[in-house]
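The sequence lines fix the lettering, A, B, ..., with proteins before strands; numbering per chain opens at 1.
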There are 2 protein chains.
Amino acid sequence: MIVPDWVDKVDPCDANCPSREMLDLIGDRWSLLLLLVIAQGVHRNGALKRRVGGISQKMLTQTLRALEANGLVERRDFMTVPPHVEYHLTPLGASLGPALTPLFEWIEMRFGDVLAARAEFAGREAA
Amino acid sequence: MIVPDWVDKVDPCDANCPSREMLDLIGDRWSLLLLLVIAQGVHRNGALKRRVGGISQKMLTQTLRALEANGLVERRDFMTVPPHVEYHLTPLGASLGPALTPLFEWIEMRFGDVLAARAEFAGREAA
DNA sequence: TTCGGCAGTTACCTACAGGTGCGTACTTCA
DNA sequence: TGAAGTACGCACCTGTAGGTAACTGCCGAA
C-alpha cells in the first residue's frame, strides 16, 4: 500500500496536537463557507447572510466572532449610524485558502467516486 | 486583498455542492484521525482503538462503517474464530491523503500565529 | 407615522454527536 | 475454572451545535 508522506508529519493521537483544535475550528458547518465568501469579496453582515443562504443571524455572528478571535478575519466597525461593519480576511486567513485548494479539488474530482462507492455499498448491504 | 484562485472553483452557497456533504463526512472528530492511522499501517480494531487514544468502541465502529460506506476504507473480515478483521485504505481513500497535506502543513506552520492572534484578541476584549 | 434595513443581542428549544456500560460467542492461556 | 482478548451490537444518557423568535436604536423612504 502507498503510505503518503503526511503520515509522519503529525500525530493526531496526541490530544495536544494542534490539528485536533484546528479541525474543531474549521470543521464546523459554516466557518469554511464564510471564509470562502469573504474571500470572494462579500464583506458586510447582511450581504453575507443573503449570500450564504440558510445561515441564521446567530450562527453568522457567532462564526464571525470565532474567526476573528482566531485571527482569520478582521472586523472593521465604521461606528456610523446606521451601523456599518465590514469583515475582511487577515493575511493569516488569506493564507489558509491555498491550503484548502487541494482538498476542494479532491472533492470535485472524486466526489463521483464517493457516490459510486456509496451506491455500491448500499447495494451490497441490501443483498 | 489577494483573492485565492479557489474562490471561483466551488459555490458552497449551493446546498447541493458536494463540498457541503464531504465536509460533513470528514469534518467530524474521528474520520481524519482514523484515515491517518490506517495510512500509518494500523489495520485492526483493537490496535486502532489503542492508537487513537480517547475514541470509544462505538465511535470507532461507527466511523469505520461510514468510511467504508463512502469507499475510503475497505473492511476485510477473515471469518475466523476468534474474529480477525482488517481495515485498509482503498485507492480512493489513499488519494485523499495528498489533498490533506497542505492543510496539515498550514496548521503546523501557522498554528503559532493563530495562538498569538487568540491571545491578542483576548487581551483586547479584556481591555 | 409606520415600515424596512442596518447589525446585532438575548432567551429558549431541539436534534444529534458522541460517551458509558452491558451482552455475545468463541478461544487461548494461567 | 475463570480471566482476558477478538470484534462487535444495543440501549441509554448528556452536552452542545445550531435554529427560532423577539428585542434594541437609529435612519431614510413611502
Side-chain angles (χ1 to χ4, degrees), chain A residues 12-13 15 19-35 37-38 42-70 73-88 121 124-125, chain B residues 12-13 15 19-35 37-38 42-70 73-88 121 124-125:
Chain A
C13 312
S19 66
R20 294 282 262 265
E21 206 173 334
M22 288 308 299
L23 289 175
D24 275 355
L25 175 60
I26 60 175
D28 69 338
R29 179 125 93 237
W30 303 114
S31 295
L32 285 182
L33 268 55
L34 283 178
L35 247 21
V37 292
I38 293 175
V42 182
H43 301 302
R44 301 191 56 178
N45 182 308
L48 288 168
K49 193 151 173 286
R50 279 186 296 274
R51 179 91 169 89
V52 184
I55 193 169
S56 64
Q57 175 62 54
K58 175 191 161 185
M59 288 315 297
L60 177 58
T61 302
Q62 189 172 307
T63 306
L64 287 171
R65 288 293 175 286
L67 293 175
E68 189 195 0
N70 286 278
V73 308
E74 176 199 359
R75 185 188 128 101
R76 294 184 200 155
D77 191 337
F78 287 73
M79 298 295 191
T80 58
V81 161
H84 182 143
V85 179
E86 285 187 3
Y87 297 93
H88 293 264
F121 182 82
R124 236 186 312 146
E125 289 299 281
Chain B
C13 312
S19 66
R20 292 283 261 265
E21 204 172 335
M22 288 308 298
L23 289 175
D24 275 356
L25 174 61
I26 60 174
D28 70 337
R29 181 124 93 233
W30 304 114
S31 295
L32 284 182
L33 268 54
L34 283 178
L35 247 22
V37 293
I38 294 175
V42 181
H43 301 302
R44 300 191 56 179
N45 181 308
L48 288 167
K49 191 151 174 283
R50 277 186 297 272
R51 178 93 169 90
V52 184
I55 193 171
S56 64
Q57 177 61 56
K58 174 191 162 185
M59 288 315 296
L60 177 58
T61 303
Q62 191 171 304
T63 307
L64 287 171
R65 287 292 175 285
L67 293 175
E68 189 196 359
N70 287 278
V73 307
E74 176 200 358
R75 185 188 129 102
R76 293 183 202 155
D77 191 337
F78 288 72
M79 297 295 191
T80 59
V81 161
H84 183 144
V85 179
E86 286 187 4
Y87 298 93
H88 293 266
F121 182 81
R124 237 185 312 145
E125 290 298 282

inquiry  = At a heavy-atom distance below 4.0 Å, which nucleotide of DNA chain D is the first touched by chain A, and which is the last?
reply    = dG18(D) to dC27(D)

note = Rounded to whole Å, CD of Q57(A) lies from C1' of dG5(C) at a distance of 12 Å

query = With nearest nucleotides of DNA chain C determined for P82(B) and R50(A) from heavy-atom distances, which residue corresponds to the more 5′ nucleotide?
reply = R50(A)

task = State which of dG5(C), dG19(C), dG8(C) makes the closest approach to the side chain of W30(B).
result = dG19(C)

task = Take atom CG of D28(B) and atom C1' of dG19(C), then tell me their distance rounded to the nearest Å.
result = 15 Å

request  = Select base, sugar-phosphate, or nothing to describe what Q62(B) touches, counting heavy atoms under 4.0 Å on all strands.
outcome  = nothing

ask   = What is the nucleic acid contact for S56(A), judged by heavy atoms within less than 4.0 Å: base, sugar-phosphate only, or nothing?
value = base

query = Do N45(B) and Q57(B) come close enough that some side-chain heavy atom pair is under 4.5 Å?
reply = yes

request  = Report the distance from atom CG of L25(A) to atom OG1 of T63(A), rounding to the nearest 0.5 Å.
outcome  = 10.0 Å

ask   = Between K58(A) and R65(A), who's closer to the 5' end of DNA chain C by nearest nucleotide?
value = R65(A)

query = Which part of the nucleic acid does F78(B) contact within heavy-atom distance under 4.0 Å: base, sugar-phosphate only, or nothing?
reply = nothing

request  = Name the residue closer to the 5' end of DNA chain D, choosing between M59(A) and G46(B) according to the nucleotide with the nearest heavy atom.
outcome  = G46(B)

request  = Evaluate the ring planes of F78(B) and H84(B), with Trp represented by its six-membered ring, and classify them as parallel (under 30°), tilted (30 to 60°) or perpendicular (over 60°).
outcome  = tilted

ask   = V81(B) side chain: which of dC26(C), dC6(C), dT20(C) is closest?
value = dC26(C)

